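Treat the numbers as computed from the prediction; the structure is a model and nothing was measured. FYI, side chains are in, hydrogens and waters are out, and symmetry mates aren't considered; it's all heavy atoms of this structure. Chain letters run A, B, ... following the sequence lines, proteins first, then strands; residues in each count from 1.
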Amino acid sequence: MRLAALLRREIAIAGRNKAAILIPLVFFVLVTSLFPFAVSPDADQLALLAPGVIWVAALLATLLSLEHFYQGDYLDGSLEQLLLTTGSPALLALAKSIGHWLLTGLPLVLVAPMLGLLLHLPLDAQVAMVLTLLLGTPALCLIGAIGMCLTLGINRNGILVSLLILPLYIPVLIFGSSGVQAASLGLPYDGQLALLAAIFILALVLAPVAAGHALKISTS
Amino acid sequence: MSFTSFADFLAMGGYAPYVWTCYGATLLTLAVIVAGLRRQKKKLMETIRLQHPERQAVAPGRIVVKQTAEDS
Amino acid sequence: MWLWFSRLGSPKWFYELAGRWLPWTWALTVLLFVAGSALALLFSPPDYQQGETVRIMYLHVPAAFLSMACYLTMAIASVIALVWRMKMAFAVARSCAPIGAAMTALALFTGAVWGKPIWGTWWEWDARLTSELVLLFLYLGYIALHESISEQSQADRAAAVLAIVGVVNLPIIHFSVDWWNTLHQGASISRLQKPAIDASMLWPLFTMLAAFFAFFAASLMSRVRNEILKREAASRWVKALVKA
Amino acid sequence: MLLHGLDFSLPEGSLTWLQGGNGTGKTSLLRCLCGLGEAEAGDIFWQGEPVARDPVRFHQELLYLGHKPGLKSELSIAENLGFFRRLRGLPVIDPEPVLEQLGLARYAGQYVGSLSAGQQRKVMLARLLLEPARLWILDEPLVALDHESRDWLAATMMAFREEGGIILYTSHQPLDQVRPDQQIAIQEATP
């Protein structure tokens, strides 16, 4: 119930500030469309690169959109009030992560097929891309929350968050992009999906606790 | 002894550059750590010494509870 | 035991105790290194496959082992620090980071150089080397976070949380890197396999391992003493110490 | 360590003025009491129960107003106040009557971002009447307040105290309209 109230608040704030929600999506598309220029427009080469490129772009988009969901509340003092009124920092961190996923992670998943087309990704790989992103982006949001909450008190912490979080993103990246690669070769990829799901559940249980603790530290 | 002569020892069976760079790197790493320790200590001692005479570290303030008018 | 544990918590007591033990530990470190190097370089046979390059193993394996052990120490100290709020444990955790980072860098360097004759390239995305590389990023992340927060106790606690999150992630990263490595390279290419170690190689390896750990103990104690000075700068005993 | 010798209690239905110069740790003390700061030693009790055992119960009955208003500038006054009630698990009520008292009724639908600093603080103070709490911890509530608002705050405080509420507030000069039951001073440590 309190979680619902927090989510309503996130969505209401995001509703007022649509630009901030579109920016990660534009970034996602932009980063992906850099690669035809960097490598070559040739379909086969792009198809080979597509899984990794789209996954890295999604990962960076999630990472860079973290700040919007945490820094604002920290600076205007509402984060403290949220901590006091909801009472449990872990719940607050969880609500923030879900809000972040709903407003950034999910849109990435919906846009991914279009990018698959840009990079000539075969159809069944498109399906794998959506599935792996569907399982992977929540984990990225949850893990990212820890790094963000740890560095709230530090100004100009954008780069620092990336340094702290990217190593923790590696397992998700490995299983995510290899799942799509397997699909594009016609191989089964349910193993990758299972591992992604495992990481997601682990993150769902543990990350909010760590992020909540980090919140308490940053606001103390 | 697995080497017959000193020259043989230096040559390291043809792998001299690899083996000796590794041993050199190890020595360097250990030296860097030890140097870092000493530099940290020296810097700390200086800052504490500088800080010590001039600025008295802020002693914690005491809380005094004064009961004002009891009537209200 | 509990008295000892709580006594360990008092910085002044640890400072003096470490002070007494340090000279002996450094002496032991030097002794072990001399003995270890002699065994490794002179009194052990070349490998029938790798020839003399096997002598690099006596550096790479202890360094890699220590880089992992150092992170575990850091994480355990962080747990103790956060749960029992022990200032000393924060000092220990903070002191481990630079030593661990240096050891990880050394393990990476020696691993790469050791791999050159085998694989012909200076860097090979071998599972173990890749895990070491990620471990280095974790160390650098820890140090960067600690240095970016100005207020001492906030920096300590934030870094402690990061260390714990890191140690939980380490096995996952290790597993996924191994999995990724076998996926792409297949097990055929000889990984940085330690050659079948026969007895004559065990002694140099253990001695060097002991030397590295002695060095770890000595440098950690020294660093913890420095961290104590930094944290207890306002206390009388530090001032007396500095004045003396 | 910033402060020591902390041993005071806030009885039911009391108003306590925490007085102390700038940078003596007033804010840190208040934040510690709310559970936002880390107290190195000692415990905080709420109705005889240590807060650490059940912080949620304590926070439900606490209202802490700090330096920053804690309002989202993208949302309107009504939405901000509404969310605070929703987060406490309370049904949203129309803030009109309270805003009326503070002369903000006309702005209810306006974005908080378009308000002046003084008005934003008034919106923050409106929470005193919109969120039921038994303990008010107010950090420099008088800052940037005009005369009417000071009277309104004094009256609100007195009413709350009559109902058995507990108030602890910091301020350079005391709120002259109402006599504090207890006064806590932080003595500068003489070097």
Side-chain angles (χ1 to χ4, degrees), chain A residues 52 89 93 139 142-179 181-182 185 187 189 191-192 195-196 198-199 202-203 205-207 209-220, chain C residues 71 75 78-79 81-83 85 90 97 101 104 125 127 130-185:
Chain A
L142 286 159
I143 299 169
I146 302 174
M148 196 65 221
C149 294
L150 280 172
T151 58
L152 275 176
I154 308 157
N155 37 38
R156 282 186 309 285
N157 55 14
I159 297 291
L160 182 61
V161 176
S162 319
L163 174 63
L164 302 186
I165 290 303
L166 281 176
L168 308 179
Y169 272 177
I170 287 173
V172 179
L173 179 62
I174 285 176
F175 296 129
S177 60
S178 77
Q181 271 162 8
L185 302 173
L187 301 170
Y189 55 92
Q192 283 90 335
L195 287 166
L196 274 177
I199 293 179
L202 196 70
V205 170
L206 294 179
V209 174
H213 210 80
L215 274 178
K216 264 173 77 69
I217 293 169
S218 304
T219 53
S220 72
Chain C
Y71 200 92
S78 299
V79 170
L82 284 178
V83 170
R85 239 190 268 304
F90 284 122
T104 317
W125 287 96
T130 315
S131 296
E132 282 292 328
L133 185 62
V134 176
L135 183 61
L136 184 62
F137 293 142
L138 290 180
Y139 273 117
L140 297 179
Y142 177 92
I143 296 171
L145 178 64
H146 201 287
E147 292 304 314
S148 319
I149 301 175
S150 45
E151 204 261 327
Q152 181 72 52
S153 88
Q154 221 177 9
D156 281 345
R157 284 182 293 143
V161 168
L162 183 65
I164 296 167
V165 168
V167 84
V168 167
N169 272 284
L170 263 185
I172 304 169
I173 292 172
H174 200 73
F175 167 75
S176 52
V177 165
D178 272 353
W179 184 90
W180 159 82
N181 192 272
T182 49
L183 180 75
H184 288 282
Q185 286 189 334

Exercise. Does any non-hydrogen side-chain atom of C/T104 lie less than 4.5 Å from one of C/L133?
Worked result: no
For this session: Under 4.5 Å heavy-atom distance to chain C, tell me which part of A/L160 shows up: side chain, backbone, both or neither.
Result: side chain
Exercise. Which one of C/V165, C/V134, C/L145 has the most heavy-atom pairs closer than 4.5 Å to chain A?
Worked result: C/L145
For this session: Taking the side chain as every heavy atom from C-beta outward, state whether C/F90 and C/R157 have any pair of such atoms under 4.5 Å apart.
Result: yes
Exercise. A/I146 versus chain C, heavy atoms under 4.5 Å apart: side chain, backbone, both or neither?
Worked result: side chain
Seminar exercise, completed: Ranked by heavy-atom pairs below 4.5 Å to chain A, first place among C/S150, C/A144, C/S148, C/A160 goes to C/S148
Seminar exercise, completed: Per-residue tally against chain C (heavy atom, under 4.5 Å) across A/I174, A/T151, A/L206 peaks at A/I174
Problem set entry | Atom pair CD1/CD1 of A/I217 and C/I149 - distance to nearest 0.5 Å | 8.5 Å
For this session: Could you label the plane-to-plane angle of the C/W125 and C/W180 rings as parallel, tilted or perpendicular, counting under 30° as parallel and over 60° as perpendicular?
Result: perpendicular
Seminar exercise, completed: The reported gap from CG in C/D178 to NE2 in C/H174 (rounded to nearest 0.5 angstrom) is 4.5 Å
For this session: Could you check which of C/F137, C/Y142, C/W179 has the highest count of heavy-atom pairs closer than 4.5 Å to chain A?
Result: C/W179
Exercise. So, the side chain of A/S218 versus the backbone of A/G153: is there a donor-acceptor pair under 3.5 Å, distance only?
Worked result: no
Exercise. From C/I143 CD1 over to C/L138 CG, what is the distance, rounded to the nearest 0.5 angstrom?
Worked result: 11.5 Å
Exercise. About how many Å separate OG of C/S176 and CG of A/L195, when rounded to the nearest 0.5 Å?
Worked result: 9.0 Å
Exercise. With no hydrogens and no angle check, is any side-chain donor or acceptor of A/Y169 less than 3.5 Å from a backbone partner on A/S162?
Worked result: no
Seminar exercise, completed: residues 166-173 of chain C vs chain A, non-hydrogen distance cutoff under 4.5 Å, contacting residues -> C/V168, C/N169, C/I172, C/I173
Seminar exercise, completed: Under 4.5 Å to a heavy atom of chain C? For A/I143 that would be neither
For this session: Check each atom of A/I165 against the heavy atoms of chain C and say whether the ones under 4.5 Å are side chain, backbone, both or neither.
Result: neither
Problem set entry | Beyond-backbone contact of A/Q181 with A/L187, side-chain heavy atoms, under 4.5 angstrom | no
